[in-house]
Structure formats: structure tokens, C-alpha cells
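Order of listing sets the numbers, starting from 1, for every ligand and every atom in it.
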Amino acid sequence: MTMTPTGPGRPPTPEENQATWTAVDDYFCQALIPGDEAMDEAQRSSAAAGLPAISVSAAQGKLLHLLARSIGARRILEVGTLGGYSTIWLARAIRSPGVLITLELDPRHAQVARGNVDRAGVGDLVDIRIGPAAESLAALAGTRPQPFDFVFIDADKTSNALYFDYAVRLGRPGTVIVVDNVVRSGRVADSTSRDQAVRGVHDLVSTLAASKGVDATAIQTVGTKGYDGFILALVGDGSRD
Ligand code: SAH
Ligand code: DHB
Ligand code: MG
């Protein structure tokens, strides 16, 4: 990817900004994220099956992977599977013995993801549950499972607060929770926004602001996927309240 030089004496256009962000992602990814046939195939087969190209980027996938690995995660919960690209990054972080449960509304997405995680060699670790995540989470909570160490929330943005609430309930002190797509090209700063996805972030942030026992930050990002960001939260043990 070649850089687009900006013209003299004028600010870069949005297209030029995006070209720069993509070039920088390409530069770091080529150096730090070796080509991986299973990952590439997951993206190819998802595109071929007509799934939207909205997975995390390679750089973001590797961040999730490193975060999960750095806490020695054995039990990972993901809300929003799509074709399983982020699923593979996270499953490859699991310290054995472990499991990744991922929740997906669309059976077609789940079917594509099943093929992708199997081809990537992590099929035995990954349990894909089909249906509205709110229902799958209620059912999961009903089984009183062992706590999850890491949770990635990346489904319908309107239900962010509900999913986060479940993530805390299904976690333990020390559980790390990441919520994708909380910036949306800056639209999150518009407190009067009627965009349902932005409202979903506002609901989540209000919940977080009021919640004792969960510490969080939000990081804005640019890259191949444009301008967005994520929330990183840590479930506490109450000792800092
Ligand atoms: N985490 C994936 C991308 C997920 S895209 C990756 O980075 O590779 C969001 C996914 O959430 C889509 O597949 C969509 O079908 C799913 N989704 C939307 N609404 C949902 C719901 N109510 N319950 C579960 N999944 C949902
Ligand atoms: C969308 C969803 C995502 O999870 C994402 O990372 C980017 C875009 C979307 O629904 O547009
Ligand atoms: Mg996302």
C-alpha cells in the first residue's frame, strides 16, 4: 500500500486519512503479524458466503489475543461470532485446558464460523451457540458455569448494556471485558444522537459510570476499519470501591 501524499497547504481529505491509517496498519501487520493461512481462509470464506466485512482487523484481533493470553485465560465468552475471525484469535490465546463459548444470532454466520474454526485447528475449543445472545446468556447463566476470564462483546450494539451486565455476572474479580465499536467515527460524543448503536454505547457507559466494582477506560482507534474504538473493563473484587 502506497501512501497518498497530502497536498500542500490543505488538510488531508477523509479518503487520504483512511489511506494513511490503512498503510500504517499494513506496515505494522506485515512486520508483527505473520501471514496465517487459516486466518486468511476464514476471511475469504466469510466474504464468499456473503458475510459483511465487519470483523476485527488483524491488529485488533492480535490485541484481543495478547490481552487474553496475558491473563492466562482459560474460559472465554464472545458475543457476536460472525465468521469466527475474532473467535480464532481468541481461541488461540486459551491456556489449556480451556473453552471459548461464542454466541451468534444468524445460523448462516454460525455455519461459516464452524468451518473456519475447525480449519484453524481450534474446533475442539469452540462452542458456538445459535440464537439471540440475550437468550443464550440467560440460558448460560442458568447453568451456573465456572466464571469466564475474558469476555468480548461485539454483537448488536443496542444491547451492549445487557451483554455487559451478563459479562460481569458470568465473570469474577479479574475478568477482563472488551466491548468493540464504541466510538463510531466520533458519533458517540453526540449526546443527543438518535443512532441506536450510539444510544447503546451511551446506555453502557451510564451503566459503567454508576457501577461499583468495575473499572473501565475507552480507547479511540484508527486503522483499516476507519475511526472507532473499544472499551476495556476490569471486574474488581470490591476492594477499591
Ligand atoms: N466478532 C466478530 C464480528 C461480529 S459482527 C469478528 O470480529 O470477527 C456482529 C455479529 O453479531 C454478526 O454476526 C451478527 O449476526 C451477530 N448478532 C447480531 N445481533 C445479535 C444478537 N441479538 N445475538 C447474537 N448475535 C447477534
Ligand atoms: C459493524 C459491526 C462491528 O462489530 C464492527 O466491528 C464494525 C461495524 C456494523 O454493524 O456496522
Ligand atoms: Mg466489532
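- Of all protein heavy atoms, the one closest to atom 10 (O) of ligand 2 is I54 CD1, 4.0 Å.
- Counted within 6.0 Å of CD on Q111, heavy atoms from surrounding residues, nucleotides or ligands total 12 or fewer; the atom is thus considered open.
- Taking every non-hydrogen atom of S55 and a distance limit under 4.0 Å, the qualifying atoms of ligand 1 come out as 6 (C), 7 (O), 8 (O).
- Residue contacts with ligand 2 for V56 are absent, since no atom lies close enough (heavy atoms, distance under 4.0 Å).
- Under the 4.0 Å criterion applied to side-chain N and carboxylate O atoms, R44 and E37 are assigned as salt-bridge partners.
- What sits closest to atom 5 (S) of ligand 1 on the protein, heavy atoms only, is I54 CD1, 3.7 Å.
- Contact analysis leaves W89 out of contact with ligand 1, as no non-hydrogen atom separation drops below 4.0 angstrom.
- Looking from atom 2 (C) of ligand 1 to the surrounding protein, the closest heavy atom is S86 OG, 3.3 Å.
- Neither the backbone nor the side chain of V79 has a heavy atom within less than 4.0 Å of ligand 1.
- Summary of contacts: the protein heavy atom closest to atom 3 (C) of ligand 2 is N181 OD1, 3.1 Å.
- Considering only non-hydrogen atoms, atom 11 (O) of ligand 2 lies nearest to R184 out of K157, Q60, R184.
- Atom 6 (O) of ligand 2 has as its closest protein heavy atom K225 NZ, 2.5 Å.
- Within ligand 1, the atoms closer than 4.0 Å to a non-hydrogen atom of P132 are 23 (N), numbered from 1 in the order shown.
- Among all non-hydrogen protein atoms, the one lying nearest atom 23 (N) of ligand 1 is A133 N, 2.8 Å.
- The name of the N, O or S atom in D180 nearest to the Mg ion (ligand 3) is OD2.
- The shortest N/O to N/O separation between V56 and ligand 1 falls below 3.5 Å.
- Atoms of ligand 2 found under 4.0 Å from any heavy atom of D180, numbered from 1 in the order shown, are 6 (O).
- Taking a cutoff of 4.0 Å between a charged side-chain nitrogen and a carboxylate oxygen, E78 and R129 do not qualify as a salt bridge.
- Within the listing of ligand 1, atoms 19 (N), 20 (C), 21 (C), 23 (N), 24 (C), 25 (N), 26 (C) sit less than 4.0 angstrom from a heavy atom of L105.
- In terms of protein heavy-atom proximity, atom 21 (C) of ligand 1 is closest to D156 OD1, 3.4 Å.
- Distance CH2/W89 to CD/Q60: 11.5 Å, rounded to 0.5 Å.
- Salt bridge status for K157 with D154: present, with a side-chain N to carboxylate O gap under 4.0 Å.
- If you take CZ on R187 and CG on D190, they are separated by 10.0 Å, rounding to the nearest 0.5 Å.
- Ligand 1 lies out of reach of G84, whose nearest heavy atom is not under 4.0 Å from it.
- Considering each of Q43, E78, E104, R108, the one bringing a non-hydrogen atom nearest atom 16 (C) of ligand 1 is E104.
- For the residue pair E16 / T20, no side-chain donor-acceptor distance below 3.5 Å is found, with atom types taken as modelled.
- The contact set between ligand 2 and D154, taken as ligand atoms under 4.0 Å from a residue heavy atom, comprises 3 (C), 4 (O).
- Contact record, S136 with L103: CB-CD2, 3.8 Å, taken as the closest heavy-atom pair.
- Distances from the Mg ion (ligand 3) to each N, O or S atom of D154 single out OD1 as the nearest.
- Nearest approach of Q43 to S55, heavy atoms of both residues: NE2-OG, 2.9 Å.
- Considering only non-hydrogen atoms, atom 3 (C) of ligand 1 lies nearest to D154 out of L162, L137, L64, D154.
- Every atom of ligand 1 with a heavy atom of G131 under 4.0 Å away is listed here by number and element: 23 (N), 24 (C).
- Surrounding CZ of R69 are at most 12 heavy atoms belonging to other residues, nucleotides or ligands under 6.0 Å away.
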For this session: Decide yes or no on side-chain contact (heavy atoms from CB on, under 4.5 Å) for N160 and V179, but give the supporting numbers first.
Result: CA-CA 8 Å; N160 269 338; V179 186; 3.7 Å; yes
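- With 2.8 Å as the limit, S55 does not count as an N, O or S neighbour of the Mg ion (ligand 3).
- Closest non-hydrogen pair, R194 versus R199, comes out as CA-NH1, 4.0 Å.
- Rounding to the nearest 0.5 Å places CG of N116 at 3.5 Å from OG of S45.
- In Q146, the CD atom is not crowded: 12 or fewer heavy atoms of neighbouring residues, nucleotides or ligands sit closer than 6.0 Å.
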